[in-house]
Amino acid sequence: ESRGESMGFSIRRTYSAPTYEPVLYELTAKGAVSRFTGFSPARPPEGMSGSGSICGICAGSDGGLVLLENSFASAETGEAGSASAGDLTPVYESRDVWLLHIYGPDGAERCRVDLGALPGTGQAGARSLACDGSGYIYVLDGAGRVLVLDRSGAYVSRSPEGGGFDFLSS
């Protein structure tokens with residue numbers, strides 16, 4: 001029994017992390033820089049804090065833009081326990097989401113695809129992004145597999161398990 005428990009109270013450490021959002025800027029041919037208003041980052045679910053990052057970007061075959069975003073969120077769940085040092089470590093719920101944003105040449109977002117919801121993708125994450133002249137989008141996941149989507153974000157195929165790819169290049 002800890003001293004805190006014998007005195008009738010428990011110690012709980014609370015921590016609130018800030019939320020960080022990625023921002024995307026555009027550069028005109030004349031050198032003017034402005035915030036790209038077409039990009040809206042994923043928000044953490046209610047009650048969770050988190051951060052996001054832009055992990056890949058490439059030009060689409062139609063002059064649009066394809067963007068890979070990672071959004072991470074976490075929140076403390078449950079009680080931390082009594083006053084012993086090991087019990088002060090809180091338990092966290094976390095969520096890691098990989099999103100593919102597809103924009104048209106006008107800068108309007110055509111679609112947003114949750115890569116984790118596609119067949120056979122699981123929680124491997126994403127490492128690299130490439131587009132080809134035919135409009136196909138290739139995403140390399142953390143397990144070395146390549147996911148293929150068309151220009152509308154529809155699933156086309158995925159390389160077999162253990163695809164062995166290390167990097168994609170446009």
List the atom of [X], the atom of [Y], and the distance in Å for their closest heavy-atom pair.
X: C111; Y: G153; value: SG-CA, 4.1 Å
X: G133; Y: S61; value: O-CB, 3.4 Å
X: A59; Y: C131; value: O-CB, 3.5 Å
X: G47; Y: A75; value: O-CB, 3.5 Å
X: A126; Y: V139; value: CB-CG1, 3.8 Å

Would you say R95 has more than 12 foreign heavy atoms packed within less than 6.0 Å of its CZ?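 It does not: R95 CZ has 12 such atoms or fewer within range.
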Separation between [atom1] of [X] and [atom2] of [Y], rounded to the nearest 0.5 Å:
X: I137; Y: D150; atom1: CD1; atom2: CG; result: 7.5 Å
X: D141; Y: W98; atom1: CG; atom2: CH2; result: 10.0 Å
X: S34; Y: E26; atom1: OG; atom2: CD; result: 4.0 Å
X: R151; Y: S134; atom1: CZ; atom2: OG; result: 8.0 Å
X: Y25; Y: R35; atom1: OH; atom2: CZ; result: 6.0 Å

Would you say that I57 contacts L24 through its side chain, given a criterion of any heavy-atom pair below 4.5 Å between the two side chains?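 In short, these two side chains touch, coming nearer than 4.5 Å.
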Side-chain contact test, heavy atoms from C-beta onward, threshold under 4.5 Å: evaluate it for D114 versus L99 and give yes or no.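 Counting from C-beta outward, D114 and L99 do come under 4.5 Å.
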Knowing that exactly one of L129, L118, L147, L67 qualifies, which makes a side chain to side chain contact (heavy atoms under 4.5 Å, CB included) with L100?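 Exactly one option meets the side chain to side chain contact (heavy atoms under 4.5 Å, CB included) with L100, and it is L129.
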Restricting to ring-ring contact (aromatic ring centres under 6.0 Å, His included), what partner residues turn up for Y136, sequence neighbours left out?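 Per chain and number, Y136 pairs via ring-ring contact (aromatic ring centres under 6.0 Å, His included) with no residue.
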hydrophobic_cluster_shared for [Y] and [X], side chain cutoff 4.5 Å:
X: L140; Y: V156; answer: yes
X: L149; Y: I102; answer: yes
X: F72; Y: V97; answer: no

Could you list all the side chain to side chain donor-acceptor pair (under 3.5 Å) pairs where at least one residue sits in residues 62-75, not counting sequence neighbours?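 Of all non-adjacent pairs touching residues 62-75, those that pass side chain to side chain donor-acceptor pair (under 3.5 Å) are D62-R110, E69-H101, N70-D96.
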